[in-house]
Amino acid sequence: MPLVHPLDHQVAVVTGASSGIGQGIALAMADAGAAVVINYHSQEEAATAVVEQIMRSGGRAIAVKADVGSEPEVDQLFDKAVEAFGRVDILVANSGIQRDATIGEMTLDQWNQVIGTNLTGQFLCARAAVRLFRRQGRDERRSRALGKIIHISSVHQLIPWAGHANYAASKGGIDLFMRSLAQEVAEEGIRVNAIAPGAIATAINRASVEDETARAKMLSLIPYGRIGAPEDVAAAALWLASDASDYVVGTTLFIDGGMSLYPEFRHGG
Ligand code: BGC
């Protein structure tokens, strides 16, 4: 029988959870019984609103400000999680930004910001989670795994993206970081996996989703014919965090309506 609250007695840290995909994942995990740490970078009000929404439905959550690219701030994020809820069982490393420019125009600052948040941020959070999982030890009443890490990547870990080389490089980096880490810590019972979302309607691509021409162009790249919602990604994250996926290690789930299937070829090459 499927569990109604598969994450009961577990604690999830979700980075970049004040909006978009992170927010969707945080709400779904709270609904599934987890206490959730809503990490945010600058949107304090939005983060507080997510916490309030969770508490109104009888869940547990706190908001914690931290820049995931900063070593001391990431350490504090995990300290605050433990202070509030006693432990951490699940990390969803979700924070991601775009600073788009063609290569001749791309500044070092745009490059460094994207690598700093999207790739270094995932390293710092994953390292903090692994260290904590090791200190906590296994508790099979909560989960068969010692801990679970879910990296949020992008279809652009696979699909090259002209005009966004910094972003694509960061996501390609996540792929091999995730698989190397999964291989390294699996024997301890830590499950590391990733999700590669396609075009999900959030603030990051609002301009393309809201402009009629850009939206039509985006839709032409999605065989399934619709732009995704944060809930589409959240359902996959919930599964990867729960014991239902206990034998899934080092995998990337593409949640993209088929965007990664070379859609230009769908009517023959
Ligand atoms: C990007 C979005 C884009 C989508 C599909 C995501 O990773 O952040 O801006 O719409 O990939 O190209």
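Just so we're clear, the structure is a prediction, and the values are computed from it rather than from any experiment. Read the numbers this way: they start at 1 and go in the same order the structure lists the ligands and their atoms. Residues take their numbers from the sequence shown, with the count starting at 1.
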Item to complete: Could you name the protein residues that come within less than 4.0 Å of ligand 1, counting only heavy atoms, and order them by chain and residue number?
Response: Q98, S154, H156, W161, Y167, G198, A199, I204, N205, M218, M259

Discussion item. Applying side-chain hydrogen bond (donor to acceptor under 3.5 Å, both in side chains) as the test, list every pair that has at least one member in residues 224-236; sequence neighbours left out.
Written reply: R226-D232

Worksheet item: For I103, what are the other residues in its hydrophobic cluster, where any two members join if their side-chain heavy atoms are less than 4.5 angstrom apart?
Response: none

Worksheet item: Taking the hydrophobic residues Ile, Leu, Val, Met, Phe, Trp and Tyr, and joining any pair whose side-chain heavy atoms are under 4.5 Å apart, which ones share a cluster with L108?
Response: M106, W111, I115, L119, I174

Practice prompt. Please report the shortest heavy-atom distance between D89 and R142, naming the atom on each side.
Written response: OD1-CD, 3.7 Å

Discussion item. Which heavy atom of A61 sits nearest to which heavy atom of M55, and what is that distance?
Written reply: O-SD, 4.0 Å

Fill in: D175 side chain near T252 side chain, heavy-atom distance below 4.5 Å
yes

